[in-house]
Amino acid sequence: MRSWPAPEVPRLSDAGLPAAARPLSLHDTGTGETRPTTPGETARMYVCGITPYDATHLGHANTYLAFDLVNRVWQDLGHRVHYVQNATDVDDPLLERAQQTGEDWRELADREIQLFRDDMTALRVLPPDQYIGAVEAIPLIVEMIEKLRGRDATYEVSGDVYFPIAADPAFGQVSGLPRDEMTALSAERGGDPGRPGKRDPLDALLWMAKRPGEPGWESPFGEGRPGWHVECSAISVEYLGMAFDVEGGGSDLAFPHHEMGASHAQVATGERPHARAYVHAGMVGLDGEKMSKSRGNLVFVSKLRQSGTDPMAIRLALLAHHYRADWEWTPAALDEAAARLGRWRAAVARPSGPPAAPLAAAVRDHLAGDLDAPAALAAVDAWAAAGGADEAAPAQARAIADALLGVTL
Ligand code: ZN
């Protein structure tokens with residue numbers, strides 16, 4: 001599928017600032033540790049995309065902004081970044097929504113994906129190099145299920161194909177959760193632990209036989225459609241290979257989605273790990289509850305944009321919270337962000353300011369330490385509040401905010 005247009009990212013060396021040195025450390029859910037990432041010349045990242053029936057609420061935006069910072073910090077360190085994202089353009093929630101509203105599921109998906117592209121463009125989120133829909137990835141997904149079948153890691157229940165978790169000795173490596181918690185989360189997040197005929201309640205659906213009135217594609221396992229986990233697993237392995245640097249998403253994806261995706265990939269390829277770090281963003285709540293489609297308490301980026309909110313203020317409101325934190329959205333957060341944006345814009349419009357090299361060092365340092373964006377914003381606040389005679393500094397500060405935080409002033 002078409003990605004979205006890339007915003008220009010200034011190079012801080014071109015603005016007369018020194019090069020970055022400190023590697024990016026990120027919290028890896030798999031090990032529970034914050035460790036330096038160690039990409040080669042090209043850093044490789046996969047971030048799970050939307051299921052396009054209701055794009056883009058602030059919880060989504062919060063997640064994609066976190067990984068946008070990863071992308072920006074790596075680029076600032078001189079890496080090329082190979083970034084891949086999917087869009088789950090055929091799955092239960094999408095088909096259910098289309099059925100409810102009487103809309104064609106393809107039209108619903110196309111419209112919501114375009115809205116998502118527009119939101120990401122407005123928020124200046126760097127686009128993936130490959131933006132891959134589940135439907136267009138079906139040949140890759142079938143190929144991965146064939147590989148699993150060749151390794152005796154599939155079985156059927158009434159025509160549906162499952163992956164036995166027993167096939168992966170490393171199963172549990174991503175979430176590290178106790179089994180009863182896995183079972184509860186599986187039921188809550190689209191799994192079917194209670195289905196009779198499964199070898200293990202946690203076994204994941206790879207291919208669902210065509211149901212009446214639903215779309216289906218021909219495959220060696222009969223006409224049907226892919227499961228969700230194998231979609232991301234197949235797309236990531238195809239475009240990034242194994243042992244890529246970061247797999248990312250919201251914290252509700254750690255189990256079962258990333259756990260299953262890792263097991264599928266590892267069993268299919270015979271290699272491990274799937275990703276070197278599994279990185280998860282916190283959940284944004286509203287009125288005491290996680291923002292989610294099922295609860296219907298969503299604040300949409302597009303609605304805020306339509307009401308005239310500066311997308312850079314939305315960006316700052318989200319970056320004011322650490323990416324791993326769970327937090328509550330309030331309209332006041334947007335007012336504070338708009339005020340901060342105004343102070344920063346006034347500061348870079350001055351003829352001179354305090355030297356910007358220490359600001360670059362501070363912002364880089366905070367971001368390198370597991371993306372401490374709130375501390376990075378505070379460093380820009382301090383620069384903006386101070387006076388100084390350095391005439392190059394305002395333009396340099398503008399470049400720092402743009403390159404590292406994605407905020408144009
Ligand atoms: Zn995914």
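Whatever order the structure lists them in is the order used to number ligands and atoms, beginning at 1.
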Legend entry - is_close_aromatic(His258, His280), centroid dist under 6.0 Å: yes

Legend entry - Residue list, ring-ring contact (aromatic ring centres under 6.0 Å, His included) with Phe116, at least two apart or on another chain: Trp4, Tyr64

Inset, instruction - Taking ring-ring contact (aromatic ring centres under 6.0 Å, His included) as the test, write out the residues that go with Tyr323, two or more places apart. - result: none

Inset, instruction - Keeping to residues at least two apart or across chains, list the side chain to side chain donor-acceptor pair (under 3.5 Å) pairs with something in residues 170-187. - result: Gln173-Gln266, Gln173-Arg272, Ser175-Glu259, Arg179-Asp200

Inset, instruction - Please say whether the positively charged group of Arg199, taken as NZ for Lys or CZ for Arg, lies over the ring of Tyr155, i.e. under 6.0 angstrom from the six-membered ring centre and within 45 degrees of the axis. - result: yes

Inset, instruction - Run through the protein N/O/S atoms less than 2.8 Å from the Zn ion (ligand 1) and write them out by chain and number. - result: Cys48 SG, Cys232 SG, His257 NE2

Legend entry - CZ/Arg11: more than 12 non-hydrogen atoms of other groups inside 6.0 Å: no

